[in-house]
Protein chains: 2
Amino acid sequence: MKQRPATIRDVARRAGVSVASVSRALNGHENIREETRGRVMRAIADLQYVPNAAARSLSNAKTGTLGVVLPDLYGEFFSELIRGMDKAASDHGYLLLLSTMHADPALAGQALAVMRGRVDGVIVMAPQLSRETIDALMPAELPGVEVISEASADRPSIGIDNRAGGAMGARHLLNIGRRRLAHIMGHENNFDARQRRDGFVEAVTKAGAAEPLIAIGDFREDSGARAVENWLKRGDSFDGLMAANDMMAIGAMEALRAHGLRIPEDVAVIGFDDIPLARHLGLSTIRVHVAEIGSDAVNRLVAMIKNGQIGPTAHNQPLELVARASTLGGPA
Amino acid sequence: MKQRPATIRDVARRAGVSVASVSRALNGHENIREETRGRVMRAIADLQYVPNAAARSLSNAKTGTLGVVLPDLYGEFFSELIRGMDKAASDHGYLLLLSTMHADPALAGQALAVMRGRVDGVIVMAPQLSRETIDALMPAELPGVEVISEASADRPSIGIDNRAGGAMGARHLLNIGRRRLAHIMGHENNFDARQRRDGFVEAVTKAGAAEPLIAIGDFREDSGARAVENWLKRGDSFDGLMAANDMMAIGAMEALRAHGLRIPEDVAVIGFDDIPLARHLGLSTIRVHVAEIGSDAVNRLVAMIKNGQIGPTAHNQPLELVARASTLGGPA
DNA sequence: GACTGATACGTAACCGATTACATTGGCGAC
DNA sequence: GTCGCCAATGTAATCGGTTACGTATCAGTC
């Protein structure tokens with residue numbers, strides 16, 4: 001039952017040809033007679049031969065897989081991202097090798113080192129690491145694409161115009177008449193979090209409104225709720241709130257309602273990402289086409305691998321304001 | 001810049017030892033002097049040497065990666081499953097190689113064939129394929145674990161007691177006084193879908209209630225809504241509804257509300273899975289610990305790889321009824 | 001001092017593909 | 001008939017590791 005799988009030599013012997021001919025038949029080379037190819041194909045079918053991927057990789061220095069290094073896998077954001085990547089990868093005939101990278105640069109380096117020799121290129125998402133750290137960790141000989149991190153000079157980076165998104169949220173709140181604004185950002189050392197806040201604050205200031213309240217969260221639901229609790233406890237008041245992602249906005253909404261505040265009458269709330277949950281909860285948000293960011297990253301990486309070019313670096317996916325009940329009222 | 005990465009021979013030359021010693025130092029073998037190991041390690045650091053994974057795989061027939069073949073990647077169910085697998089895999093020092101498998105058995109076979117030689121084992125989830133098809137496609141020499149599919153004699157299978165889950169849902173609806181029940185199942189050729197329906201119907205019949213309405217969906221939100229629309233259009237009436245997963249239940253709830261029906265007063269609704277969305281929408285459901293199914297599958301697979309044993313086959317993850325507003329009333 | 005055994009290390013075969021280069025055979029031109 | 005050329009095929013080197021086996025060194029024993 002558990003027998004040694006057939007090798008290319010077994011096939012050659014069975015078809016009565018040399019290994020070179022088998023290889024040629026297999027890879028669709030020109031200089032081989034149709035009849036020979038037929039014999040080889042029959043032998044392959046007979047023996048249920050499947051080429052050994054490791055041997056092939058070693059020989060031609062290609063693996064047919066792309067490495068994906070993500071900071072986390074929790075929630076719909078990552079599931080959409082992976083879905084988009086998988087779609088594009090399988091269209092190009094690549095598989096995805098998945099790994100999560102922790103905030104600790106040493107461990108992050110490990111995650112990347114492990115990929116060497118197993119992938120033809122890597123897609124890295126590491127908003128929690130600085131540009132220098134990422135540059136230092138990326139293996140030089142491996143094509144790489146970055147997703148949603150500070151633009152790099154060396155590698156293409158598919159991202160989001162975070163500042164514009166933050167500004168869009170602020171302007172929307174101002175447009176519906178809110179003047180005392182608040183913002184819940186992500187970790188201070190997260191690139192996206194800082195950008196979104198900066199865009200938000202800038203838009204508010206430019207409009208001549210009061211300086212907004214700022215709280216620091218961690219992109220999880222709980223931290224949104226905690227931020228609201230703290231403000232209310234301190235007696236800070238606000239009538240418009242933007243969170244740096246939808247999950248924190250949802251946590252914030254729950255906390256607001258728990259304190260008897262109505263949405264949007266007392267506080268209008270807007271998030272960021274437009275995860276599916278947002279639609280169901282009537283949460284206004286900034287829509288990011290996450291799956292497309294994933295496909296885009298893969299497409300660019302494959303292009304790099306195929307022609308050795310780096311191509312244009314920074315590239316931003318378009319954003320879109322989606323106004324729902326949490327800012328406009330009406331059915332939740 | 002783009003220079004050839006260092007090989008083991010470069011390291012050997014630099015350290016003034018043979019390749020065998022480098023390999024021994026690298027893999028923590030016994031018979032090597034501390035001083036030699038030190039020299040090797042220094043050379044490795046100097047050259048920034050990283051072993052070539054393909055060569056290593058070829059030589060010792062181990063890859064350090066696990067293949068994961070899933071039917072789809074859409075929604076929180078898969079995101080949780082992958083998260084659980086990734087956690088366990090990285091604990092054991094493995095990476096995950098991801099691939100989606102389509103319903104077409106030929107394509108499904110391809111997905112598995114591509115994995116050969118790149119992985120030490122595979123985890124397959126293919127509820128849409130028959131037992132025979134899966135058995136025929138699974139490479140014989142590769143350890144495999146199945147997730148959420150009909151139990152197999154050859155491979156461990158981590159699953160859900162779907163019948164029990166279906167019955168739990170039915171009994172809950174009956175317990176709160178509902179008598180005219182309905183069920184929205186998944187594809188007829190999906191194993192889980194059939195099992196859940198059977199459990200549901202059996203519990204209803206056993207309790208002496210009228211035979212329930214049955215509609216066929218596809219696990220997507222829309223199909224839940226369509227099922228409800230069809231029933232209402234036909235004039236079928238029901239006061240208790242179970243869907244085979246949460247997404248269809250959510251679609252059904254929207255359709256019910258759109259027709260002015262109140263939940264749970266007019267129709268009590270219960271789903272299956274307990275995805276995060278369910279809690280936010282107050283949907284009663286059968287909780288499945290999805291991430292744990294993922295870790296469990298990986299742990300079993302790793303055990304199989306390590307000791308060559310197959311271990312116990314069928315294994316069911318426990319289920320739990322979670323009653324919320326959609327059946328009990330109260331705040332949504 | 002010759003022999004034994006253990007220890008540290010080197011040499012070279014091997015894993016299973018790809019492919020540069022060598023070889024063969026067939027055919028047309030002379 | 002011989003030569004040259006080309007297409008089809010075979011031989012063997014190669015990719016970068018691991019490891020079986022061989023060898024050198026040294027301490028300990030008689």
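In this text, all values refer to a predicted model and were calculated from it rather than measured experimentally.
Atom CG in B/D10 sits roughly 9 Å away from atom P in D/dG16 (whole-Å rounding). When rounded to the nearest whole Å, the span between CD1 of B/I8 and P of C/dC9 equals 15 Å.
A donor N or O paired with an acceptor N or O is not found under 3.5 Å between the base of D/dA8 and the side-chain atoms of A/R37. Residue-to-nucleotide contacts include a donor-acceptor pair under 3.5 Å from the side chain of B/R9 to the base of D/dG17.
Contact check, A/R24 against C/dT19: no side-chain N or O comes under 4.0 Å of OP1 or OP2. Between B/R33 and C/dC9, a side-chain N or O to OP1/OP2 separation shorter than 4.0 Å is present. Contact between the side-chain N/O atoms of A/S57 and the OP1/OP2 oxygens of D/dC15 is not found at any separation under 4.0 Å. The side chain of B/T36 places no N or O atom within less than 4.0 Å of a non-bridging phosphate oxygen (OP1 or OP2) of C/dA8. At D/dG16, none of the side-chain N or O atoms of B/T7 fall inside 4.0 Å of OP1 or OP2 (strictly under the cut-off).
In this structure, OG1 in B/T65 is found 9.0 Å from OH in B/Y94, a value given to the nearest 0.5 Å. Annotation: the span from A/E76 atom CD to A/R83 atom CZ amounts to 10.5 Å, rounded to 0.5 Å.
Using a 4.0 Å heavy-atom distance criterion, B/V17 is classed as a sugar-phosphate-only contact. Among the protein residues, A/S23 comes within range of the nucleic acid bases, having at least one heavy atom under 4.0 Å from a base atom. At the heavy-atom level, A/L58 lies under 4.0 Å from base atoms of the strands shown.
Out of C/dG10, D/dT18, D/dG10, the shortest distance to the side chain of A/S18 is found at D/dG10. Out of D/dT9, C/dG16, D/dA12, the shortest distance to the side chain of A/I32 is found at D/dT9.
Annotation: cation-pi pair B/R220/B/Y74 present, NZ/CZ under 6.0 Å from the ring centroid and within 45° of its normal.
Both A/S59 and A/N31 sit near DNA chain D, but only A/N31 has its closest nucleotide nearer the 5' end.
Side-chain polar atoms of B/N299 and B/H92 form a donor-acceptor pair below 3.5 angstrom.
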